[in-house]
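Side-chain atoms are counted along with the backbone in the values below, which use heavy atoms only and exclude waters and symmetry mates.
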Amino acid sequence: MGNAPSQHSDHTWHGLTAQQALDTQHSTTSGLSQDEAELRLQRHGRNRLPPPKRRGPLLRLLYQFHNVLLYMMMAAALVTALLGHWVDTGVILAAVLINVVIGFIQEGKAENALDAIRNLLSPHALVMRGGERREIDADQLVPGDIVLLASGDKVPADLRLISVKNLLVEEAALTGESLPVEKSLARCQADAALGDRRCMAYSGTLVASGQASGVVVATGASTELGRIGAMLQQVQAMTTPLLRQIEQFSRWLALAILIFAMATFALGTFWHGQDPAEMFMMVVALTAAAIPEGLPALMTVILALGVQRMAGRNAIVRRLPAVETLGSVTVICSDKTGTLTRNEMTVQRLVTASRVLDVSGVGYAPTGAFHLDGALLEPDAALLEIARAATLCNDAQLQQDATGSWRLQGDPTEGALHTLALKAGLETPTLKLQLPRSDSIPFESEHRFMASLHHDHQDHGVIFLKGAPERLLDMCSDQRDADGGVQPLDADYWRRQATDLAARGLRLLAIASRTASASQRSLSFADVEQDMTLLALVGIIDPPREEAIAAVAECQRAGIRVKMITGDHAETARAIGAQLGIGIDMPAMTGAELELLDERSLREVLPGVEVFARASPEHKLRLVQAMQASGEVVAMTGDGVNDAPALKRADVGVAMGDKGTEAAKEAAEVVLADDNFATIAGAVREGRAIYDNLKKFILFALPTNGGQALIVIAAILFQLTLPLTPAQVLWINMVTSVTLGLALAFEPAESGLMDRPPRAPDEPLLSGFFVWRVLLVSLLMAGAGIGLFLWELQQGTGLDSARTMALNAVVMCEVFYLINSRRIFASVLSFKGLFGSRAVLLAIAACLLLQALYTYAPPMQRLFHSTALDAAQWARVVLAGLAVFVIAELEKWLIRRWHLQPRG
């Protein structure tokens, strides 16, 4: 045993027989000796996942400053510091530090994803060492160890099974398979998908029932779980479209301000011969006017409000920018089980010898009925016999809890049979009293059926049988018709019906029975191998959620493609997809087919495929990357460890909060508290509304800055006295603009939001059309400010009074333009448009109060050199604002009239 065993990286252990696996690992069914195990432990290392590479706390903290939003805020702080406004500087720097601390905490949470995967490893393992059973710490396992498994155990390493007895393993977290997987010893094809490797048990999965032993073939980082952890470390999380747009917008704005400032300085100094020191202060005033200091803070507020609203919709946002990214997605890749479906198996169809019945209702709740050719059918004797067999030949328990929900203990398929009996009006506890079980043959993978023997209190005996249809057809000689009569078995009829049910994506189960004598009190294989009477074929499926069907339709109407990626079988995935409206008249693609395509071919076929089945973690990650390479903004949903790499890579990762693994939640940006796809559709709607509000705020804020900048430039060009001092510019930017702009964060979604197509991922934050609007309103505000400033000087009032008029004119234009800004293109000339927002009305009231204090309060007059205005002056100020309002509404009317509105 001294030869070095291998931990194959090509994952072909499932292609070997049990004995070949033992031989390759130089092991036997008696296990390794302790000395050999210690040698192998030194060679291969402990059975644990390596810790991730992490930045130190100080580096992580400093890295938080590398953010476009924060650069803008720090630039604003520098300007205010140059002007000596230390209070404003302190406020801005405090906002910077708050953003940095939040980012620092969030990044710490993100690194917990790998910790969550490591926590899936089993702490202990029962092994054979030197022919003796021994419990050891799981991190002491080495390749070649023989591990013993029992019901409830967590598999501690990747095992090639060498003995099994009724082994069912829950692999949903690793493969996405919705039901426990039945294991066997037969070797598999070398290219078998992860979910089809029935002779393997993988680290981190859970033994649902049965017993087994297996030889360890991979430990630590070499396991399937370890490979996913390595993938997760290598995956680069995507920056959000909004942050990319803000970065582009900020560069454009910074360049424009720099060019204007340099040109203005050169113009004033060299052309007009102004004093360089005085010109420098004027340029500082221009810079202060042009930088929207409130923009980063207001964007944070808008996103934070979105987080609150999404939490009310059961979507918990873990990273702030993801709020808006949901609104820009073009493709949603969804897991099937539990997200699009209920994760509750349900009988949908019953086939008997003479009729085919549809069963309504979904999930384990016994609400539903039986239908024949669309007509309601009351349970008759034949149907009651089927239901009685289904619930008595059954080891699961279905109970209603205090909240009224139905909870299953046991196999999901057996839970569906209990619900079928309840729909037929039968009560399982009552039936068990009437027909107590005398003996049973438990389900085993080798014979693929379960049988139970029952006797009533008059000693009448009956045997019930359920199992795989192809197995039961060999055991039955007769079939029961609808009248209760018995006919010879028509095997071809049953095979045709089984093919039809399978084509609908239903899982098949056959039910049979026969009478037994009063004296028979035990059950053997010989008692059921022949002469059974076939009662029915049962078609079972995990049905789609009703609300998910509506949500998929809503997403498709909004121009968002929905793709289903599941570890389940292709037929089941295709059938569920058709019910949801996904992939209708399209082929489903399996993971094996996907592996045959190169990157270019994959991108070419993606538009024509919406259902992907038997998908591994690599397949999911590759699909997300291929869609992103095609220019899509991708949201990915999932609940298992196998989903974590794709969740991290997607533009928005959406994890299931109820039944999802911690690894999935930590890798995602959004967690759904109710595991419901409909919540995603609601979150997309909220994300679009948030982006609309961001655009509204920018379209409101920039003309204010543009107007003030134009006032300063005009003063320099025409050698006028500055109509606004740097301090007055900052008053407008930091007090009134923020007060008014904050109201737009509370704007409700506009009608028809989900009827628009998604915006293009490369669409700039300010399109050419919006630049036009910013310029138009900037010119109007500048014209109002300069016009009233010059008017007042011409009337002989003092400079302070003229500047007070100019400032109030700009603010009043903002007040009126705020109402315009509630709708980007639609008119606000209605009661709802003018008065429908409480936030806007409160913001205007607060702004007017601040302006009254600015104009009349003696401390403010001393600080800003403002003066009191009379009624006539206020009338001119209000007329200036009203003129901006009328022209802005006229511009929107022309846009609608001539269909100039840009897309999205």
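Remark: K696 does not engage D692 in a salt bridge, criterion side-chain N to carboxylate O under 4.0 Å. By the 4.0 Å N-to-carboxylate-O rule, E604 lies close enough to R600 to be salt-bridged with it. With salt bridges taken as basic N to acidic carboxylate O contacts below 4.0 Å, one links R313 and E686. We find that E171 and K183 are joined by a salt bridge, their nearest charged nitrogen and carboxylate oxygen being less than 4.0 Å apart. The existence of a salt bridge linking R574 and E571 is excluded, since no basic side-chain nitrogen approaches an acidic carboxylate oxygen closer than 4.0 Å. Using a cutoff of 4.0 Å between basic side-chain nitrogens and carboxylate oxygens, E747 and R822 are scored as salt-bridged. Classification of D643 and K648 as a salt-bridged pair fails, no side-chain N sitting under 4.0 Å from a carboxylate O. Residues D196 and R614 are paired through a salt bridge, judged by an N-O separation under 4.0 Å between the basic side chain and the carboxylate.
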- Under the salt bridge (Lys or Arg N to Asp or Glu O under 4.0 Å) criterion, do R507 and D568 qualify, and how do the steps go? CA-CA 12 Å; R507 296 175 185 269; D568 223 330; 3.2 Å; yes
- Query: For N394 and T391, what are the C-alpha separation, side-chain angles and deciding distance, and is it a side-chain hydrogen bond (donor to acceptor under 3.5 Å, both in side chains)?
  - Reply: CA-CA 6 Å; N394 197 316; T391 196; 5.2 Å; no
- Decide yes or no on side-chain hydrogen bond (donor to acceptor under 3.5 Å, both in side chains) for D358 and Q348, but give the supporting numbers first. CA-CA 6 Å; D358 292 310; Q348 284 197 334; over 6 Å; no
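N676 and T679 share no side-chain donor-acceptor pair at under 3.5 Å. A donor atom on one side chain and an acceptor atom on the other are found under 3.5 Å apart for E595 and H619. Looking at R197 and Y202, their side chains do bring a donor and an acceptor atom within 3.5 Å of each other. Side-chain contact annotation: E618 with S616, donor-acceptor N/O pair under 3.5 Å present.
Counting all heavy atoms, side chain and backbone alike, R342 lies closest to D542 at N-OD1, 3.4 Å. Smallest separation of non-hydrogen atoms from T419 and G363: CG2-O, 3.8 Å. When all heavy atoms are compared, the tightest approach of R349 to V359 is N-CG2, 4.4 Å. Contact between A683 and A315 at its shortest, heavy atoms only, is CB-CB, 4.3 Å.
Taking the side chain as every heavy atom from C-beta outward, L621 and M231 approach each other to under 4.5 Å. Put simply, the side chain of V652 does not reach to within 4.5 Å of the side chain of M636, judged on heavy atoms. Contact of the R495 side chain with the L473 side chain is registered, since non-hydrogen atoms from C-beta on lie closer than 4.5 Å. W406 is listed as a side-chain neighbour of L422, based on a closest heavy-atom distance under 4.5 Å. Between T352 and L535 there is no side-chain heavy-atom pair separated by less than 4.5 Å. A 4.5 Å side-chain heavy-atom check between L509 and T413 finds at least one atom pair inside the cut-off. Here the side chains of T499 and W494 are not in contact, with every heavy-atom distance at 4.5 Å or above. R407 has its side chain within reach of S405: a pair of non-hydrogen atoms, C-beta onward, lies under 4.5 Å apart.
For R448, the CZ atom is loosely surrounded, since the number of other residues' heavy atoms within 6.0 Å does not exceed 12. Atom CD of E546 sits in a sparse spot, with 12 or fewer heavy atoms from other residues, nucleotides or ligands closer than 6.0 Å.
Atoms CD1 and CZ, on I582 and R561 in that order, are 13.0 Å from each other to the nearest 0.5 Å. Atom-to-atom distance recorded for L602:CG and M627:CE is 8.0 Å, nearest 0.5 angstrom.
Geometrically, R545 does not engage F677 in a cation-pi contact, judged by NZ or CZ lying under 6.0 Å from the ring centre and within 45° of the ring axis.
For the side chain to side chain contact (heavy atoms under 4.5 Å, CB included) with D651, the qualifying choice from V329, L326, T330, V633 is V633, the only one to do so.
Checked by atom type and distance alone, the side chain of Q628 never pairs as donor or acceptor with a backbone atom of E632 at under 3.5 Å.
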